[in-house]
There are 2 protein chains.
Amino acid sequence: MSRTIKVLLAEDQSMVREALAALLGLEPDIEVVAQVARGDEVLAAARALDVDVALLDIEMPGRTGIEAAAELHKELPRLKLVILTTFGRPGYLRSAMEAGADAFLVKDAPAAQLAEAVRKVLAGERVIDPTLAAAALAGGANPLTDREREILRAAADGSTNAELATTLHLSQGTVRNYLSTAIQKLAVRNRAEAVRTAREKGWL
Amino acid sequence: MSRTIKVLLAEDQSMVREALAALLGLEPDIEVVAQVARGDEVLAAARALDVDVALLDIEMPGRTGIEAAAELHKELPRLKLVILTTFGRPGYLRSAMEAGADAFLVKDAPAAQLAEAVRKVLAGERVIDPTLAAAALAGGANPLTDREREILRAAADGSTNAELATTLHLSQGTVRNYLSTAIQKLAVRNRAEAVRTAREKGWL
DNA sequence: GGCGCGATATGACATCTGTCATCCCCGACC
DNA sequence: GGTCGGGGATGACAGATGTCATATCGCGCC
C-alpha cells in the first residue's frame, strides 16, 4: 500500500478553504499539508513541503490560480495540478490546460469529485468535465488581440474614452478603434456587452 | 445538557455546500440535517425538518438568501437565521438585518466563526462583523428609488435605452431621466459606473 | 387645501460612442 | 522584395447617451 497523498490547498476565502480542507480530511488516504490564501504564496509552500497535488482556485489575490499553475508546472514538473473554480468559463479551461493543469473542476460539481480527482491525477489521469470541454472546443479560441483585451479590461469599470486614452497612453481615436473591433469580433453592440461576453467566455 | 443543534444549509455551489457541511459535521454539538441548493427550496425544507438554525448564502438561484430569510422570519419566527456571503457589501448587511437575520458572516472570515455564530444565535446573540457594521452605517442608506434600482438593474447587461424602454414599458426619455438621476445620486459619470458602484455597495 | 415627492413624459441641446475609410510603421513569413 | 497582420493615428459622420427645463398625475402629510 502507498502512503497518504499530500495536498496543497490554495483558495482565498478562508471559510471555503478550511471547509474544503475538512472535506478532504475525511478521506483516509488524503492529507492537506498546506493552505495558502494568495496565488503568490503557492510556489514557496509547494517547495517547502514536498506536496503531491496542488489544488488551486482561480480567483485569488497576488496571482491567479492559472498563473500559479504555470509557475508550478515549470518549477516542479512532477507536482500534479488541480484547478478548482466557481466559473466554468471555456477560456479558463483552455488557459488552465495550457498552463499544465491535470484537472479542472467547477465548484458546483458534487463534492465527491474532488477527492476522486485528486486520486486520478496522481494516477496519471486527466479530469475534465466533458460538457465544459465541449463548450471550450465549440466556443473556439479567444479572437481578441492582446491590446484589445487590455483595452476591454481597462474599459470594464466604466471609464470613458478620454480616461482610457490617458491611462493607456493612446489617442482617443485609437481607443475607439480597438473597442470597435472588439465589439465586432464579439458580435455585440456596445462596450458594456463586449465586456460582459468576453468575461463570460473567460477571454478577459 | 442540550440536544444537538439542527442546521439547514442553503448554498448553490455543491462543492462549497458539502464542504461546509463537513466542517460543521466536525462539531460534536452541531448536525446538518438538510442541504438545499436553491433559495426557493429553503422554506419547505425548514418546515419539513424542525430546524434550529438556517445558514443562508445570498447569491442563489430561485430566491436570494435575503429573500429566503425574510420568508423564514415571517413563517417560522423561532428559527435563527445566519447569512453567509462572499461579498461584504454594506447594503447586503442592511437588508439582511431588515429581513430578520441574526448573524451576518463573510466567507473570508476564519472558519471557526461559523460554528461559533451558530451557537451564539441560538443563545439569542447577534453576530455581525464590526468593520462591516461600521461601513454599513457610514455608507448610509440606499439613495435610489425602487424604479431607479429596477432600471439600473435592467441596464446592467449593456442594454440600450431603446431596449430598456420596450422591456420596461417606458418611453426612451423616461429611461434616460431615471438613469440620469441615478448617475447623479451615485456621483458618477455614466451608467456603467453607476451599475458598478451600486453593485459594490449592495444597492442593486 | 397646499406641499413635496416619485413616476412618467416631452423636447432641445451638448457630448460621447461606434463606424468607416485611410494612412504610417514594423516585424514575420514566403 | 512583397504581402500581411498588428499597433497606432486622423477625420468625418450617425446614432446613442446624459442633462435640463418643464409638465401632469397621484399619494401621503401637516
Side-chain angles (χ1 to χ4, degrees), chain A residues 91 94-95 98 139-204, chain B residues 91 94-95 98 139-204:
Chain A
R94 189 178 291 262
S95 24
E98 282 165 12
N142 190 338
L144 303 172
T145 68
D146 285 358
R147 212 69 174 117
E148 285 159 2
R149 256 212 331 283
E150 200 178 339
I151 283 149
L152 209 50
R153 228 181 298 132
D157 65 354
S159 302
T160 70
N161 285 330
E163 288 166 342
L164 295 173
T166 45
T167 61
L168 296 165
H169 307 292
L170 289 175
S171 88
Q172 253 187 75
T174 306
V175 170
R176 289 196 289 172
N177 287 339
Y178 280 130
L179 284 171
S180 182
T181 60
I183 286 167
Q184 286 175 277
K185 283 180 178 177
L186 298 174
V188 293
R189 289 203 310 300
N190 54 51
R191 65 183 66 194
E193 284 190 346
V195 167
R196 196 165 150 272
T197 61
R199 256 208 198 115
E200 265 172 20
K201 304 254 189 177
W203 288 343
L204 220 62
Chain B
R94 189 179 290 261
S95 22
E98 281 164 12
N142 189 337
L144 304 172
T145 68
D146 284 357
R147 212 68 175 120
E148 284 159 1
R149 254 208 339 276
E150 201 178 337
I151 282 150
L152 209 50
R153 227 181 298 133
D157 65 353
S159 302
T160 70
N161 285 330
E163 289 166 342
L164 294 174
T166 44
T167 61
L168 295 165
H169 308 291
L170 290 175
S171 88
Q172 252 188 77
T174 306
V175 170
R176 290 197 288 173
N177 288 151
Y178 280 130
L179 284 172
S180 183
T181 58
I183 287 166
Q184 287 175 277
K185 283 181 179 176
L186 299 174
V188 293
R189 288 205 311 299
N190 55 49
R191 64 182 67 192
E193 282 190 347
V195 167
R196 195 165 150 273
T197 61
R199 253 205 201 117
E200 264 172 22
K201 304 254 191 177
W203 289 343
L204 221 64

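Convention: sequence-line order gives letters A, B, ...; per-chain numbering from 1.
- When the P atom of C/dA9 is taken as reference, atom OH of B/Tyr178 falls 8 Å away, rounded to whole Å.
- Between the side chain of A/Asn177 and the base of C/dC20, at least one donor-acceptor pair of N or O atoms lies under 3.5 Å.
- For the pair B/Leu164 and B/Arg191, the minimum side-chain heavy-atom distance is below 4.5 Å.
- In terms of phosphate contacts, A/Arg191 brings a side-chain nitrogen or oxygen within less than 4.0 Å of OP1 or OP2 of C/dG18.
- Rounded to whole angstrom, the span from the CD atom of B/Gln172 across to the P atom of C/dC13 amounts to 19 Å.
- Rounding to whole angstrom units, CD1 of residue B/Ile183 and P of D/dG18 are separated by 4 Å.
- Rounded to whole Å, the distance from CZ on B/Arg176 to P on D/dA21 is 16 Å.
- Closest contact between the side chain of A/Ser180 and the listed nucleotides C/dT19, C/dT17, C/dA7 involves C/dT19.
- In this structure, the separation between CG on A/Leu186 and CH2 on A/Trp203 is 6.5 Å, given to the nearest 0.5 Å.
- Taking the side chain of A/Asn161 as heavy atoms from C-beta on, and the options C/dT17, D/dT17, D/dG7, the nearest nucleotide is C/dT17.
- Comparing C/dT8, C/dA7, D/dG7 by their closest approach to the side chain of B/Leu170 singles out C/dT8.
- The main-chain N or O of A/Gly158 is found under 3.5 Å from a side-chain atom of B/Asn190 such that the two form a donor-acceptor pair.
- Residue B/Gln184 places at least one side-chain N or O closer than 4.0 Å to OP1 or OP2 of D/dC20.
- Residues B/Lys201 and B/Leu144 form no side-chain contact, since every pair of their non-hydrogen atoms from C-beta on lies 4.5 Å or further apart.
- If you take CG of A/Leu179 and C1' of C/dC16, they are 12 Å apart, rounded to a whole angstrom.
- Residue A/Glu148 contributes atom CD, which lies 11 Å from atom P of D/dG8 at whole-angstrom precision.
- Computed from coordinates, the A/Leu152 CG to C/dG18 P distance equals 11 Å when rounded to whole Å.
- Contact of A/Arg147 with D/dG7 (side chain to base): no donor-acceptor pair of N or O atoms is detected under 3.5 Å.
- Not one side-chain nitrogen or oxygen of B/Thr174 sits closer than 4.0 Å to the OP1 or OP2 atom of C/dA7.
- With distances taken from any side-chain atom of B/Ser171 to the nucleotides C/dA9, D/dG18, D/dT17, the minimum falls on C/dA9.
- Nearer the 5' end of DNA chain C, as judged by each residue's closest nucleotide, is the contact made by B/Lys185, out of B/Asn190 and B/Lys185.
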* Decide yes or no on side chain to side chain contact (heavy atoms under 4.5 Å, CB included) for B/Arg147 and B/Leu170, but give the supporting numbers first. => CA-CA 11 Å; B/Arg147 212 68 175 120; B/Leu170 290 175; 3.8 Å; yes
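- For the pair B/Arg189 CZ and C/dT15 P, the computed distance is 15 Å after rounding to whole Å.
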